[in-house]
Amino acid sequence: MADATYSDAPGAPAEERIDPRRLIAFLAMVFGMFMAILDIQIVSASLAEIQAGLNAGADEISWVQTSYLIAEVIMIPLSGTLARILSTRILFTVSAAGFTAASVLAATATNIDQMIVYRAIQGFIGGGMIPSVFAAAYTIFPRSKQAIIAPVIGLVATLAPTIGPTVGGYLSSYFSWHWLFLINLGPGVIVAALAWLLIDFDEPEFNLAKSFDWLGFIGMAVFLGALEFVLEEGPANDWLADETILIFSIVMTIGAILFFYRAFTASFPVVDLGAFRNINFAFGSVFSFVMGIGLYGLTYLYPLYLGRIRGYDSLMIGETVFVTGVAMFLCAPMSGALSARVDPRIMLLLGFLGFGVSTWMLTPIDAEWDFWELFLPQIIRGASLMFCMVTITNLALGTLPVDRLKSASGLFNLTRNLGGAVGLAAITTLLSDRSDLHYARIAETVTSANHTAMETLDNLAANFDASGLSGADAAHNQLTGMVQQQAWVMAFADVSWIQTMLFAGLALGALAMKKPPSGGAPAGH
């Protein structure tokens, strides 16, 4: 198939023109990726509305998000193999169409069991769109255009989960929770049609289907699915002390052994790990993993604080955290321009330092913090995300040969998602452990010897007595709630300190890296 990326005009610099057909196809793919990543977080601020609508239990509703994540994390690394067998055109079209159909099904769910199944289908099929965009970006565009293309995919990959709670809050507040899924219908149909009509990046290799490694696939699905389950459910169930978590951990280990054995011995492994031999890709994947902690961790923490401590509803939470998305959007062009001119180590240094500063600014937090106290940390975080994402993507994928890109892009996106899952599990565990510790320490001081505490308790009791309530009991309950709230806010500050140290260490690690080679042909050219 002829490559229409290059210019044929006399005297025109090679690799300067982009075929409009391919550009439109790529933009359609980017929008499809945006929908798939957005749907990870779009339900996070609206779980209460979905729970009420489906009459689900408190222990069941989290599976609306967990089922999507488990299914998606299995598809993402698998997509490289499927793209080789089916071609990018067929894989992306099927993924976009299937994701759209599953979205409509999710909107029609009448009970929690149906919703979990439909969300799993949505996550699995939609997951095929995400790595395809990264692979296409470094396959069809020349090196001279990477400063434009990398910020586009970087912005979408980080902006979508960041604004997910905002979009979900607006839709569920002004319409209903059904529109969290119905909103995908129109764009999904358009993306699927454009993908089928315009994508011509590669040809299918159907003969490879005969060599598909089913054992490796089963091992990978069991390994990644069980890992995601353990990371999602472990913090709330005391990890290996819970029998179910223990069983899934054993299953995860068996799946990992089978998967890695087949990955290194099969003639056509379900996931090609050979990209890790490229030192730039290996470093980029490590940085992507840690960036996932910062991306998904703070996307989880901000709404949690605003809902639990400030009592915000989903719409108010969305309006507050939208600041990060605005900062990312405004900084995307600058990060792209700098990535073409500045040493990537300096870009990473600035990005990780910015992350560290944004979390350090959260350490004095108290129960009265509101929009404006959180404004500047979110601005700095948004700018830092763009500096990191553009640089890490170029570092990981920018120098790989084209035959490695499909599998490598799946692995690269997998590291970010796994980083987010590990980060969320660690953050949840730390919040629980540290809040228990702070509660115990504060409770030790709330004794009859503490005149301030006793005076507060007496005043509360008097107020409740005046209202016709049992003053002593109500005052004790309210004081207990105040102590629990303060303990949780102190735990939030502790987690912010730990994240600050993590990103400060990464900034130093970026300086210790060797400068990636600036020469060489771009991937695929």
Side-chain angles (χ1 to χ4, degrees), residues 44-45 47-48 58-59 62 165 231-239 241-242 293-294 296-313 316-317 320-321 356 358-374 377-378 381 422-461 463-464 469-502:
S44 61
L47 289 176
D59 58 336
S62 63
L231 292 173
E232 285 283 318
E233 301 296 320
N237 294 284
D238 202 18
W239 294 101
D242 180 81
I293 299 175
Y296 290 103
L298 288 174
T299 301
Y300 167 75
L301 276 175
Y302 278 113
L304 188 63
Y305 167 82
L306 293 169
R308 183 169 182 170
I309 304 301
R310 300 297 298 162
Y312 282 17
D313 61 23
M316 295 168 69
I317 291 172
T320 303
V321 301
S358 73
T359 52
W360 173 77
M361 293 177 71
L362 296 174
T363 55
I365 193 169
D366 60 43
E368 300 302 318
W369 277 35
D370 215 322
F371 178 88
W372 289 110
E373 287 83 2
L374 298 174
Q378 290 194 87
R381 175 187 170 231
V422 170
L424 287 176
I427 287 170
T428 304
T429 301
L430 282 169
L431 282 175
S432 176
D433 291 346
R434 297 298 295 179
S435 62
D436 288 346
L437 175 65
H438 288 303
Y439 179 84
R441 288 178 174 174
I442 297 173
E444 289 173 359
T445 68
V446 183
T447 65
S448 57
N450 187 325
H451 297 297
T452 302
M454 291 302 99
E455 184 178 348
T456 301
L457 195 61
D458 290 341
N459 290 336
L460 289 172
N463 291 334
F464 284 121
L469 301 174
S470 175
D473 292 340
H476 181 270
N477 290 337
Q478 182 163 346
L479 187 60
T480 299
M482 292 166 63
V483 173
Q484 288 175 334
Q485 182 190 71
Q486 182 61 30
W488 192 91
V489 173
M490 293 171 71
F492 184 103
D494 291 344
V495 171
S496 298
W497 266 116
I498 293 170
Q499 288 183 309
T500 299
M501 295 300 103
L502 172 64

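One-based numbering along the sequence shown. Computed from a prediction, not measured in an experiment: that's the story for all the values here.
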Could you tell me if the side chain of Trp369 sits less than 4.5 Å from the side chain of Ile309, heavy atoms only?
no
Gln378 vs Thr320 side-chain heavy atoms within contact, under 4.5 Å
yes
Spacing of CD1 belonging to Ile427 relative to CD1 belonging to Ile498, to within rounding of 0.5 Å:
9.5 Å
Using 0.5 Å steps for rounding, measure from the OH atom of Tyr305 to the CG atom of Leu374.
6.5 Å
Side chain to side chain donor-acceptor pair (under 3.5 Å) contacts touching residues 358-367 (sequence neighbours left out)
Thr359-Thr500
Residues in side chain to side chain contact (heavy atoms under 4.5 Å, CB included) contact with Pro377, at least two apart in sequence or another chain:
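Result, side chain to side chain contact (heavy atoms under 4.5 Å, CB included) vs Pro377: Tyr302, Met361, Leu362.
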Please identify each residue that fulfils side chain to side chain contact (heavy atoms under 4.5 Å, CB included) with Asn237, with sequence neighbours left out.
Glu233, Asp242, Ile245
Who passes side chain to side chain donor-acceptor pair (under 3.5 Å) against Gln499, sequence neighbours left out?
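Side chain to side chain donor-acceptor pair (under 3.5 Å) list for Gln499, sorted by chain: empty.
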List, one per line, each side-chain donor-acceptor pair under 3.5 Å for residues 484-494, sequence neighbours excluded.
residue : atom : partner : partner atom : Å
Asp494  : OD2  : Arg434  : NE           : 2.9
Asp494  : OD2  : Arg434  : NH2          : 3.2
Asp494  : OD2  : His438  : NE2          : 2.6

Test side-chain contact (heavy atoms from CB on, under 4.5 Å) on Leu231 and Leu424 and set out the steps.
CA-CA 8 Å; Leu231 292 173; Leu424 287 176; over 6 Å; no
Where Thr428 and Pro235 come nearest, the two heavy atoms and their spacing
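Taking Thr428 first and Pro235 second, the nearest heavy atoms are CG2-CB, 3.5 Å.
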Could I get the full list of salt bridge (charged side-chain N to carboxylate O under 4.0 Å, His left out) partners for Arg310, not counting sequence neighbours?
Glu368, Asp370
